[in-house]
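The block underneath contains the structure these notes are about, expressed in structure tokens.
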There are 2 protein chains.
Amino acid sequence: MVTISDVAREAGVSTSTVSYVMSGKRAISADTRDRVQAAIARLGYRPHAGARSLASRSTRVIGLQAPLRTGVDVPVIMQVVAGVVQRARVHGYDILLLSSDEAEGLARASRGSMVDALLIMDVESEDARLATIAELDQPSVLIGLPAGRRSIPCIDFDFEAAGWLAVDRLVGLGHTRLALFGAPEAVMERHTSYADRLIRGFLEACEARGVEGSTHPIPDSAEALAEVDAVLTADPGITGILVHNDGALPFIADRIRAHVPSATAPDCLALTSREGALRAHGLTDTIAVPAEALGESAAEMICAMLAGGAHPSVQLLPPELAVGEPSRARIDS
Amino acid sequence: MVTISDVAREAGVSTSTVSYVMSGKRAISADTRDRVQAAIARLGYRPHAGARSLASRSTRVIGLQAPLRTGVDVPVIMQVVAGVVQRARVHGYDILLLSSDEAEGLARASRGSMVDALLIMDVESEDARLATIAELDQPSVLIGLPAGRRSIPCIDFDFEAAGWLAVDRLVGLGHTRLALFGAPEAVMERHTSYADRLIRGFLEACEARGVEGSTHPIPDSAEALAEVDAVLTADPGITGILVHNDGALPFIADRIRAHVPSATAPDCLALTSREGALRAHGLTDTIAVPAEALGESAAEMICAMLAGGAHPSVQLLPPELAVGEPSRARIDS
DNA sequence: TCTCCGTGTTGAAGCGCTTCGACAGTTTGA
DNA sequence: TCAAACTGTCGAAGCGCTTCAACACGGAGA
């Protein structure tokens with residue numbers, strides 16, 4: 001193993017000088033700096049992470065608790081994780097992946113000085129981990145929005161606003177009876193924060209706009225078709241539909257199109273992180289969930305905190321409506 | 001921060017005794033052990049990971065390079081990762097998630113003593129990272145099977161055997177013209193090891209059994225339908241079909257069923273990690289890709305290496321055919 | 001009785017790094 | 001011209017832990 005002493009000897013300087021060259025915390029003459037950097041390159045030196053964290057009390061690692069359980073939309077999670085990893089790297093941080101064995105993993109990583117900060121995904125409205133995080137006294141960011149007072153910084157897509165946006169769009173198109181087909185029952189029961197908020201936004205907007213709106217959890221598999229079918233059959237008056245369930249989308253798209261076959265005025269909006277695939281279903285209007293951007297913003301936020309900057313307590317990424325071109329899109333597919 | 005000295009003082013022993021109680025590397029009297037453990041619990045002591053790794057030259061962290069890029073079947077990756085994380089924890093290891101910026105991340109983690117071992121996913125037949133890994137001189141396991149000499153231990157699902165198994169099954173049912181609809185073009189072009197191997201097994205088995213077999217990469221989206229359609233239309237003689245593309249499955253299942261509508265003798269096998277969803281497509285015969293088990297085995301393998309045990313150089317998880325009940329399944333859905 | 005051995009415990013060295021205070025040597029300001 | 005202020009470098013302490021050599025002690029064998 002190449003140590004800092006090896007580099008110092010090679011460059012003819014002291015170890016502290018090498019350290020200062022690497023960190024830039026003290027002025028170093030150009031000549032010395034070059035010699036040291038050349039020595040580092042020549043020897044292929046990499047500082048020992050453990051030694052560094054011991055001396056500097058910082059690890060350059062961020063703990064990320066991602067939900068690996070079922071019932072969540074896995075591809076979305078992956079996109080967020082990818083965004084986090086990639087952006088954290090830009091700031092020189094690595095990611096320690098903590099499994100979702102709830103609070104224990106967080107405590108271990110934090111107390112054991114394995115990480116400089118924690119990033120927590122898949123937050124529930126009343127999340128049991130919140131108490132642990134609070135007493136851990138470690139910079140943390142939640143990806144998700146728990147209910148109540150916000151002592152911990154949060155970031156998320158603004159699902160509530162997305163609900164409003166969808167309703168406004170559908171009402172603007174003339175629909176007066178709306179339905180939201182959302183996350184699976186299991187997700188709802190856990191009161192996963194995003195599902196709750198989407199429903200709230202959707203229902204509040206319906207009330208505000210004076211239209212009827214109903215919400216329906218559906219499985220993220222083929223079984224969704226039966227449930228959607230039942231809802232639409234029971235109430236043929238529903239003409240405006242919002243779907244937030246990427247897993248179910250392939251199975252129910254045909255049924256929904258058959259229900260409201262208007263080709264020019266879209267009646268179904270999808271809230272999804274996979275815009276590309278939508279075209280294929282003949283669904284063209286999309287509210288994109290910017291999953292990767294969310295991960296990147298979360299990483300950015302926590303890196304800013306670690307860099308000592310101030311930070312907003314709650315950051316919500318605004319929804320944007322992407323209106324497609326129905327006819328062309330259907331031909332494309 | 002609670003340190004080992006705090007614990008030692010609290011328990012009335014020396015720091016080395018505390019250390020030996022934790023590691024079990026020296027005999028300690030029951031009385032002393034209890035006192036130390038009580039002190040640890042009382043103070044909520046957790047050893048500093050960096051200090052530990054500095055002194056012991058081991059981090060209890062495994063680096064995992066997972067493909068976060070597109071074109072891979074994301075849910076499968078997630079399942080493997082989940083298996084790895086969970087099983088590594090059982091052995092007391094955490095997972096450092098390395099992005100796929102190829103060799104650089106591996107070198108950084110390894111040379112910087114951030115990890116005790118490396119686990120590399122999404123291996124290509126001629127993988128550029130292999131050279132780096134070899135010179136890193138760090139315990140490593142590949143999840144996937146590169147071509148050529150095996151200097152690095154590998155583990156994977158036996159896709160080649162799965163190809164044979166599928167062919168044998170379809171031939172056994174009387175089919176003489178087989179088609180494999182597989183991974184997207186992009187995956188093929190990278191020569192991702194599993195895709196290559198499945199095709200090889202499939203074609204070799206076809207030749208051995210004296211039947212005609214063709215292979216077709218298809219997109220993992222709705223566009224797959226057009227390509228499948230083209231193939232089946234061009235050659236109506238194809239009656240035995242193997243699909244290995246979970247993304248495309250929902251879109252093409254109907255078309256395939258329409259092509260060979262026999263309800264009692266299954267004509268389409270799916271190679272998939274999501275058995276449950278299959279029923280819904282009326283496809284009942286499955287060769288399961290045990291994604292989570294694969295991750296677990298990989299973790300097990302590398303932990304065994306780290307524990308100093310001998311290890312098999314190549315480990316392939318055998319495929320298993322799951323024959324469903326067509327009629328009942330279709331009703332269920 | 002004395003030596004030898006095994007058991008349980010300790011002190012101290014050292015892992016590789018960062019950082020503080022000190023210190024030469026060079027400018028600058030009065 | 002001399003003190004004050006920089007600039008660039010170094011020595012040494014110390015981060016929290018593991019582990020080695022040493023040692024105290026009681027029991028067994030001679």
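Throughout, a chain's letter reflects where its sequence line sits, starting with A, and its residues are numbered from 1.
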Pairwise side-chain contact, B:Leu130 with B:Pro146, heavy-atom cut-off 4.5 Å (strictly under)
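They are in contact (side-chain heavy atoms under 4.5 Å apart), so the answer is yes.
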Between A:Arg197 and A:Asp158, is there a salt bridge with N-O shorter than 4.0 Å?
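Not counted as a salt bridge, because no side-chain N and carboxylate O are separated by less than 4.0 Å.
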What I want to find out is whether B:Arg60 reaches B:Asp116 closely enough, with some N-O distance under 4.0 Å, to be called a salt bridge.
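Salt bridge absent between B:Arg60 and B:Asp116.
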Tell me, which pairs form a salt bridge (Lys or Arg N to Asp or Glu O under 4.0 Å) where one or both residues lie in residues 298-315 of chain A, sequence neighbours left out?
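Passing the test, one end in residues 298-315 of chain A: A:Arg87-A:Glu300.
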Sidechain-backbone polar pair: [X] side chain, [Y] backbone, donor-acceptor under 3.5 Å:
X	Y	answer
A:Thr192	A:Tyr194	no
B:Gln65	B:Ser99	yes
A:Thr17	A:Val13	no

Name all residues meeting the side-chain contact (heavy atoms from CB on, under 4.5 Å) criterion together with A:Glu104; count only those two or more places apart in sequence or in a different chain, and write none if there are none.
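For A:Glu104, the residues satisfying side-chain contact (heavy atoms from CB on, under 4.5 Å) (neighbours in sequence not counted) are A:Arg108, B:Arg46.
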Which residue, A:Leu96, A:Val85, A:Asp94, forms the side-chain contact (heavy atoms from CB on, under 4.5 Å) with B:Leu97?
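Exactly one candidate clears the test, A:Val85.
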Which of these passes side-chain contact (heavy atoms from CB on, under 4.5 Å) with A:Tyr93: A:Val84, A:Ile302, A:Ile62?
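Between A:Tyr93 and the candidates, side-chain contact (heavy atoms from CB on, under 4.5 Å) is satisfied uniquely by A:Ile62.
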Outermost DNA chain C nucleotides near chain B [under 4.0 Å, heavy atoms]
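Counting from the 5' end, contacts occupy C:dG8 to C:dG16.
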Can you pull out how bent the helix from C:dT1-D:dA30 to C:dA30-D:dT1 is, comparing the axes over its first five and last five pairs, to 10°?
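The helix from C:dT1-D:dA30 to C:dA30-D:dT1 shows an end-to-end axis angle of 50°.
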Going by heavy atoms closer than 4.0 Å, what residues in residues 45-60 of chain B are next to DNA chain C?
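Within residues 45-60 of chain B, the residues near DNA chain C are B:Leu54, B:Ala55, B:Arg57.
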A:Thr59 side, atom OG1; A:Leu54 side, atom CG - distance, nearest 0.5 Å
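Answer rounded to 0.5 Å: 12.5 Å.
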Looking just at side-chain N and O atoms, do B:Thr32 and B:Ser29 make a donor-acceptor pair shorter than 3.5 Å?
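Checked: B:Thr32/B:Ser29 side chains pair up, N/O donor to acceptor below 3.5 Å.
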Please list residues of residues 6-29 of chain B whose heavy atoms come under 4.0 Å from any atom in DNA chain D, ordered by number; otherwise none.
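Under 4.0 Å from DNA chain D: B:Ser16, B:Ser19, B:Tyr20, B:Met22, B:Lys25, B:Arg26.
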